[in-house]
Amino acid sequence: MTAPIARPGIMDISPYVGGESKLADAQRIIKLSSNEGALGPSPRAMEAYKALAGELHRYPDGGCTELRRAIAERYGLDADRIVCGAGSDELIGLLCKAYAGPGDEVLYSQYGFLMYPISAKAVGATPVTAPEVELRTSVDNLLAAVTERTKIVFVANPNNPTGTYISAEEMKRLRDGLPSHVLLVIDAAYAEFVGRNDYSAGEELVESTDNTVMTRTFSKMYALGGLRLGWAYCPANVADVLQRVRNPFNVPAPAQAAGVAALRDTAFADLCRAHNDVWLPWLAEQLTALGLEAVPSVANFLLVRFPAGGKDAQAADAFLRKRGIIVRAMAGYGLPDSLRITIGRDDELKLVVEALTEFMEQS
Ligand SMILES: *Cc1c(COP(=O)(O)O)cnc(C)c1O
């Protein structure tokens, strides 16, 4: 007798490890490991969530009608091309399920988000990486890695964990260079934070092609990660496919309601962006002054590199943990010399800088 065996590829998956939130003996935890919005969710989103406590026996609106309308209004998009999911992670998984399988390749950038290889392997496809140049997505290297088996190309823009981005023009060059049967998925999880005029989250490519998808999330700037809420902006043909493969009630009602309220609280969103615009450059400047390399970021986190031959990232991580500060070690992404630090509140960031100053000064 043998136990059931999972399909090929499944046991090759290294399960995703989220940012930690607990330490054994610290009283106060400063969690800067998952890029969750520094100021927490909009108070209006919290109210909308709580207001549904007495309705938990009701199934949600499977079509997310009001939420899609609110997203469309907020970002000037067509509601019919929006598909909502339980986090953008679910949508990434559904795109792999629908467009890739055994023998197919799913291409992404060297330090790209780890959910891409996980989702590819889950459907039996082969994840393939293209080298980055100076920690930035390289369009040339992605195009060079395309084969006749490539089905999907994932580009996080800005990328996590590097924080770097490519311009709208470069993204268009990627799309133009890819075969038309290859689905380009632009993962714009951090789009709300980007303030560069050569950047686009990708909506115009979605609208002008039938093979480009943009995914977005409520987990980062809107700080609703605990609710699991994301969406994809799709050409009509891809939206039709996703509607067929998603679970009929994939987004809980309180998540839909909180999402709508968060979108309408534009003053709070402005506050979150303004906070990031002040504290991201501040943290980069402070860490650079300590002799560390802060990779230029347009998102709400900073990749910090420890110079070769000097103090190392693992020791810094351990030192921070002793002070109750949790950041993200990057060995899992192939960057063992780096830590990724989320832009938190000002008091939290000051304690991080204080601790790292002490760490760098100790002999
Ligand atoms: C956080 C993150 C996501 C996942 O967001 P969820 O909507 O919470 O699933 C997707 N892509 C990137 C690049 C991220 O950093």
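All residue numbers refer to positions in the sequence shown, counting from 1. Whatever order the structure lists them in is the order used to number ligands and atoms, beginning at 1.
- The protein non-hydrogen atom at the shortest distance from atom 4 (C) of ligand 1 is Asp89 OD1, 3.3 Å.
- When Phe218, Tyr190, Tyr222 are checked for heavy-atom proximity to atom 15 (O) of ligand 1, Tyr190 turns out nearest.
- Taking a 6.0 Å sphere around NZ of Lys97, one finds it holds 12 or fewer heavy atoms contributed by other residues, nucleotides or ligands.
- Note on Phe319: it clusters hydrophobically with Leu287, by side-chain heavy-atom contacts below 4.5 Å among ILVMFWY residues.
- The nearest protein atom to atom 11 (N) of ligand 1, hydrogens excluded, is given as Asp187 OD2, 2.5 Å; this is a heavy-atom distance.
- Counting protein heavy atoms only, atom 14 (C) of ligand 1 is closest to Lys220 NZ, 3.0 Å.
- Under a 4.0 Å criterion applied to the non-hydrogen atoms of Ser219, ligand 1 contributes the atoms 6 (P), 7 (O), 8 (O).
- For ligand 1 and Thr217, the ligand atoms under 4.0 Å from any heavy atom of the residue are 5 (O), 6 (P), 7 (O), 8 (O).
- The shortest contact between atom 5 (O) of ligand 1 and any protein heavy atom is with Ser88 OG, 3.2 Å.
- Here the heavy atom of the protein found nearest to atom 9 (O) of ligand 1 is Arg228 NH2, 2.8 Å.
- Here is the list of ligand 1 atoms found below 4.0 Å of a heavy atom in Gly87: 6 (P), 7 (O), 9 (O).
- Using a 4.0 Å cut-off between charged side-chain N and carboxylate O, Asp176 and Arg173 make no salt bridge.
- Between Asp347 and Arg28 a salt bridge is recorded (basic side-chain N to carboxylate O distance below 4.0 Å).
- Both tests pass for Arg216 against the ring of Tyr75: distance under 6.0 Å to the centre and angle within 45° of the axis.
- Within the listing of ligand 1, atoms 13 (C), 14 (C), 15 (O) sit less than 4.0 angstrom from a heavy atom of Asn160.
- Aromatic ring centroids of Tyr59 and Phe249 lie under 6.0 Å apart.
- The closest side-chain heavy-atom distance from Glu105 to Thr147 is below 4.5 Å.
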(message) Using salt bridge (Lys or Arg N to Asp or Glu O under 4.0 Å), reason through Arg228 and Asp89 one step at a time and then give a plain yes or no.
(response) CA-CA 9 Å; Arg228 312 307 304 124; Asp89 283 352; 3.7 Å; yes
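- Under a 4.0 Å criterion applied to the non-hydrogen atoms of Ala189, ligand 1 contributes the atoms 11 (N), 12 (C), 14 (C).
- Within the structure, ligand 1 lacks Glu90 among the residues with a heavy atom less than 4.0 angstrom away.
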